[in-house]
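So the structure is just underneath, and the comments pick up after that.
Here is how names work: the chains are called A, B, and so on, in the same order as the sequence lines, proteins then strands, and each is numbered from 1.
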Amino acid sequence: MSMTIEQRYAELYAATAERIGRGFPFSVNSRRRQMLDDFLLCGVPDTREERYRYTDMRRTFGRALHVALPDEGHFGSGAPFGLRNGYCVDEDRLDVADNGVIIGSLRAASVDYEQIVLDHYNSMAANKADALTALNSAFAPDGAIVYVPDNVAAGSISVELDYDSRYPDALIFSRLLVIVGRGGSAEVSVSYRCREGYGMVVDHVTEVVAGEDSHLTISELHDFSDNCTAILNGYSRVAAAGKLDRIFVSLGGEALRADYHCDLVGGGAQGALYGLFITGKAEKVDIYTATNHLVPDGSSYQMVKGLASGSSTGVFSGRIYIAPDAGGASAEQHSRNITLTPDARIVTAPQLEIYAEDVRCSHGASVGQLDDQAIYYMRQRGIDHSTARRLQIAGFMNDIVARCSDEQFSSQLHTLIDSKIDAF
Amino acid sequence: MLEIRDLHASVEGREILRGIDLSVRAGEVHAIMGPNGSGKSTLASVLAGNERFEVTRGEATFLGRNIFEMSIEERARAGLFLGFQYPVEIPGVTMANFMKFAVNEKRKYQGLDPLPAGDFLRMMRERAAIVELDQKMTSRAVNEGFSGGEKKKNEIFQMAMLEPLLALLDETDSGLDIDALRVVATGVTRLRTPQNATVVITHYQRLLDYIVPDYVHVLYNGRIIHTGDRSLALRLEEQGYDRLIAEQA
Ligand SMILES: Nc1ncnc2c1ncn2[C@@H]1O[C@H](COP(=O)(O)OP(=O)(O)OP(=O)(O)O)[C@@H](O)[C@H]1O
Ligand SMILES: [Mg+2]
């Protein structure tokens, strides 16, 4: 008798739980079983589920995948802090600065700073009824934590997430937890990178807690190779008067799925998302955002831009929910897209659920092509056709890319974007 | 500099230019007038190389070369400039960046190195001053959110940056207020040298008070039906086109 996909993961869990949980305190490990049950209950979503309409997860997880285990040589040493296949590169590294900022291994932090981890880890991811998030919570063998105490300005922090499993068809669970306390601030840059996927599947979960009056900026670069499927689920919570800016640039991958959930849970909370995805060849990028105004006077903003070439597909689904008692909310969403070839496709689907009165909500979506007249205009000034095209493409993307303030990160971004566009 | 013989051009199968003859020499100013829809912008577009139009007959040379064998950008680099009747917006591309590319492409064509940043900025400042264009405009996206008049000033600013040999100015005067018209027209005049030539397309003789033409041509129904001197513009202003058209018929 053949097993269901879910049963296979239940068996895998039984066989590997002890190794995966090694080094974590009981308080953390004891929750894993519950997460697995959540996963079994939800089941791997199929495309009938609205949230996963455009990406077939049953096909991805139905394949025979190899879970990356601790003793498979992920550790080494890296100067910049980061994870490799979900494991902290320097095993159990934990940098604690004089001002109390903690950056390092989630596993190590769960021992040394157990309460912080218990308070926040899975605090959002646990109750979202998403099977792939639950599966991650059951299996995550380590992860990265960034903790900024109250009233501390942490400045720039960078986290590198590398994926390079030596086994084909690897299934990698990776995890990032970012907490900024009341009145704190930080600018975190996160680079996801997979050079050669060999059929890899990455199941990554980010949880972000922005405290009262805090200001947190997280910039992400998704650089996954052709032969890799990545599922990035992000959950953020912004407290009263807190400000969270999330920026992402996605450079494709065989299939990339990125979710940005943001709950505004305190008065005056602000959540912004600035995104750009660029797809070529037969790549597929599926961006899903859910912004939840749960209390009055929150403000949210999304600007997500897509550029698709070849026979690639881009999807933007943007959900805005304004709860019945979240009056005074202001929500704005823009989806702007350009297809460069006749076979490229971009689907954009706003979804507004507004139950409160006295809200300001606006949204707009467009899918178009490069402007021939603008190219003609530039050529008339002596600029050749391909430069004119590139200038126009750069002009389309600039406002998003310019938001990444970290110099090193943004120069890396420019290089990668240029080489991606060059291939179009 | 520019020699046009029996030029025919059509758009979407419809013939718009129906036999144009025109020659422009260095140092000259030509004005082209004519009723709406007569083909003035089409002529300018065909010379610039707009791919929407198809040249079906005739020939044109620019600096002795067959213009139709040159790409749009080659014509531009060789010194042809079109001041657009409807300047195009390019979101996200700043004027400064746009001009940096344009100026350096032209320099490359002339065998010169790219202009150092400091020199380029100084040049932008100087040339913006010629048309009294607010220096701040150069850090804004090309034509985006510019007022009608600002767009026209911006065309002449670009002309000042690129120092063309042949400038075709398509209704650069329309949309300008009285003061701006004077500023822009004076700017164009200041850019004149014995080596370059200007073709202004206009509906108003007022512009010609500032940019004094050597020849005034009337384009009607795809043909130049009459050529005269400055006084022709004054006569047209008084009498309109109808009498002239009737006379020619
Ligand atoms: N892209 C196009 N597609 C279809 N018809 C066109 C196109 N461009 C020009 N035409 C037509 O060609 C004719 C000449 O247009 P053109 O713009 O050259 O006139 P014009 O003399 O510049 O007029 P105006 O004084 O109004 O600017 C018009 O009938 C116009 O509708
Ligand atoms: Mg016209």
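- Interface summary for chain A: among B/Glu51, B/Lys106, B/Gln158, B/Glu73, the most heavy-atom pairs under 4.5 angstrom belong to B/Glu73.
- For chain B, the nearby parts of A/Asp384 are the backbone and the side chain; heavy atoms of each come within less than 4.5 Å.
- The part of B/Leu162 that comes within reach of chain A is its side chain, from C-beta onward, which places non-hydrogen atoms under 4.5 angstrom from that chain.
- Neither the backbone nor the side chain of B/Asn104 comes within contact range of chain A, judged by heavy atoms closer than 4.5 Å.
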- [ ] May I have the step-by-step check of side-chain hydrogen bond (donor to acceptor under 3.5 Å, both in side chains) for A/Ser185 and A/Lys243, ending in yes or no?
- [x] CA-CA 9 Å; A/Ser185 69; A/Lys243 186 169 188 291; over 6 Å; no
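- One finds no salt bridge joining B/Glu74 and A/Arg379 here, because no Lys/Arg side-chain nitrogen approaches an Asp/Glu carboxylate oxygen to under 4.0 Å.
- B/Gln85 and B/Ser41 form a side-chain donor-acceptor contact under 3.5 Å, judged by distance and modelled atom types alone.
- Geometrically, A/Arg381 engages A/Tyr377 in a cation-pi contact defined by less than 6.0 Å to the ring centre and at most 45° from the axis.
- Counting heavy-atom neighbours within 6.0 Å of B/Glu126 CD, excluding the residue itself, gives a total above 12.
- A salt bridge links A/Asp286 and A/Arg257; the closest N-O separation between the charged side-chain nitrogens and carboxylate oxygens is under 4.0 Å.
- At a 4.5 Å heavy-atom cutoff, A/Met397 makes no contact with chain B through either its backbone or its side chain.
- The contact between B/Val142 and chain A is made entirely by side chain atoms (from C-beta outward), counting heavy-atom distances below 4.5 Å.
- For a residue to count as touching a neighbouring chain, one of its non-hydrogen atoms must lie under 4.5 Å from one of that chain's; by this rule A/Phe396 touches chain B with the backbone only.
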Open item on the list: Under the criterion side-chain hydrogen bond (donor to acceptor under 3.5 Å, both in side chains), I'd like the reasoning laid out for B/His203 against B/Glu171: C-alpha separation, chi angles, the key distance, then a yes or no.
Closed with: CA-CA 7 Å; B/His203 286 295; B/Glu171 296 200 26; 2.9 Å; yes
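- In terms of heavy-atom pairs under 4.5 Å with chain A, the best-connected choice from B/Ala48, B/Ala78, B/Gly49, B/Ala102 is B/Ala102.
- Proximity to chain A involves both the backbone and the side chain of B/Pro87, based on heavy atoms less than 4.5 angstrom apart.
- Comparing B/Tyr86, B/Tyr109, B/Phe101 by heavy-atom pairs within less than 4.5 Å of chain A, the highest count is held by B/Phe101.
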